Visitor: 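My structure is below; once you've seen it, I'll send some questions.
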Amino acid sequence: SAAPNATSFPSAAPNNAVSASRYGSELRHNNTECLSQLKNYGNLSSPELCAMAAGEDECGSFMFSSSYTVWGWGCRCCSSPNPNHKDHDLWAVYDVVDCDDPNSECI
């Protein structure tokens, strides 16, 4: 089941055009989690989808667990753009990258 504050994003139907996201992600710390979380975006399947949700919400960094997406650990906004973190083998902390910024390196 989804978290109470989860935000869902529609998946693209086969005949629908999908525009590229304005937001990307950059790994900040592997095997860590934020000390404090601001919001849970729910069960998103990749750091890229998490970056889209976090960026649209003006969240500067997020934690994501690829190991436990099936159980709803998903994607969570860190409470600070430059988050403190603690060790955790199943989480990674990412920065949100604004791909509209000419100085960013989005792929």
Side-chain angles (χ1 to χ4, degrees):
S1 70
N5 293 331
T7 303
S8 62
F9 293 88
S11 58
N15 295 329
N16 290 353
V18 178
S19 61
S21 172
R22 172 183 166 180
Y23 299 102
S25 63
E26 181 175 287
L27 181 65
R28 175 183 284 271
H29 299 289
N30 202 16
N31 298 318
T32 60
E33 66 178 316
C34 304
L35 281 179
S36 179
Q37 302 167 31
L38 190 60
K39 187 173 186 178
N40 185 339
Y41 296 110
N43 191 18
L44 302 177
S45 61
S46 70
E48 293 76 22
L49 290 174
C50 193
M52 289 170 55
E56 290 295 328
D57 202 33
E58 298 182 4
C59 172
S61 59
F62 61 89
M63 56 192 249
F64 177 80
S65 174
S66 58
S67 302
Y68 282 95
T69 55
V70 232
W71 289 291
W73 283 23
C75 170
R76 301 174 189 193
C77 180
C78 298
S79 62
S80 169
N82 187 6
N84 293 319
H85 60 276
K86 58 185 174 181
D87 292 343
H88 195 296
D89 290 342
L90 301 174
W91 287 103
V93 176
Y94 294 81
D95 286 330
V96 175
V97 177
D98 184 345
C99 297
D100 286 347
D101 180 343
N103 297 317
S104 70
E105 294 185 22
C106 291
I107 298 172

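Position 1 is the first residue of the sequence, and the numbers go up from there. Predicted model only: the values in this text are computed from it and were never measured.
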Visitor: For N31 and D89, work out which heavy atoms get closest and say how close.
Guide: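 Shortest heavy-atom contact: OD1-O, 3.2 Å.
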Visitor: In Å, rounded to the nearest 0.5 Å, how long is the span from CD of E56 to OH of Y41?
Guide: 10.0 Å
Visitor: How about C59 and C78, are their SG atoms within less than 2.5 Å of each other?
Guide: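 Answer is no: C78 does not pair with C59 in a disulfide.
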Visitor: According to the interplanar angle, ranging from 0 to 90°, do the rings of F64 and Y94 count as parallel (below 30°), tilted (30 to 60°) or perpendicular (above 60°)?
Guide: perpendicular
Visitor: Which pair of non-hydrogen atoms, one from C34 and one from M63, has the smallest distance, and what is that distance?
Guide: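 In this case the closest contact between C34 and M63 is N-SD, 3.3 Å.
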Visitor: Which distance, rounded to the nearest 0.5 Å, do you find between the CG of L44 and the CZ of R76?
Guide: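 CZ of R76 is found 11.5 Å from CG of L44.
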Visitor: Of all the heavy-atom pairs spanning A54 and F62, show the shortest one and how long it is.
Guide: CB-CD2, 4.1 Å
Visitor: Let me confirm one number: the NE2-OG distance from H29 to S61, rounded to the nearest 0.5 Å.
Guide: 9.0 Å
Visitor: Which residues satisfy the salt bridge (Lys or Arg N to Asp or Glu O under 4.0 Å) test with D57, sequence neighbours excluded?
Guide: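 Salt bridge (Lys or Arg N to Asp or Glu O under 4.0 Å) check on D57 returns K39.
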Visitor: Measure from the side-chain N and O atoms of S104 to the backbone N and O of V97, and report whether any donor-acceptor pair falls under 3.5 Å.
Guide: no
Visitor: Between atom CG of L49 and atom CG of N43, what is the distance when rounded to the nearest 0.5 Å?
Guide: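 The CG atom of N43 is 10.5 Å from CG of L49, to the nearest 0.5 Å.
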Visitor: Check side chain to side chain donor-acceptor pair (under 3.5 Å) between D98 and all other residues, then give those that pass, not counting sequence neighbours.
Guide: R22
Visitor: Considering non-hydrogen atoms only, spot the tightest contact between V96 and Y23 and give its length.
Guide: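 Heavy atoms of V96 and Y23 come nearest at CG1-CD2, 3.7 Å.
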Visitor: In Å, rounded to the nearest 0.5 Å, how long is the span from CD of E33 to CG of L35?
Guide: 8.0 Å
Visitor: From S46 OG over to M52 CE, what is the distance, rounded to the nearest 0.5 angstrom?
Guide: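 Result: 8.5 Å between the selected atoms.
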Visitor: What residues form a side-chain contact (heavy atoms from CB on, under 4.5 Å) with N103, not counting sequence neighbours?
Guide: D101
Visitor: For the pair S79 (side chain) and S36 (backbone), establish whether a donor and an acceptor sit closer than 3.5 Å, ignoring hydrogens and angles.
Guide: yes
Visitor: Just jot down the side chain to side chain donor-acceptor pair (under 3.5 Å) partners of E26, sequence neighbours excluded, or say none.
Guide: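 Residues passing side chain to side chain donor-acceptor pair (under 3.5 Å) with E26: none at all.
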Visitor: Kindly give the heavy-atom pair with the smallest separation between C99 and G24, and that separation in Å.
Guide: SG-N, 3.6 Å
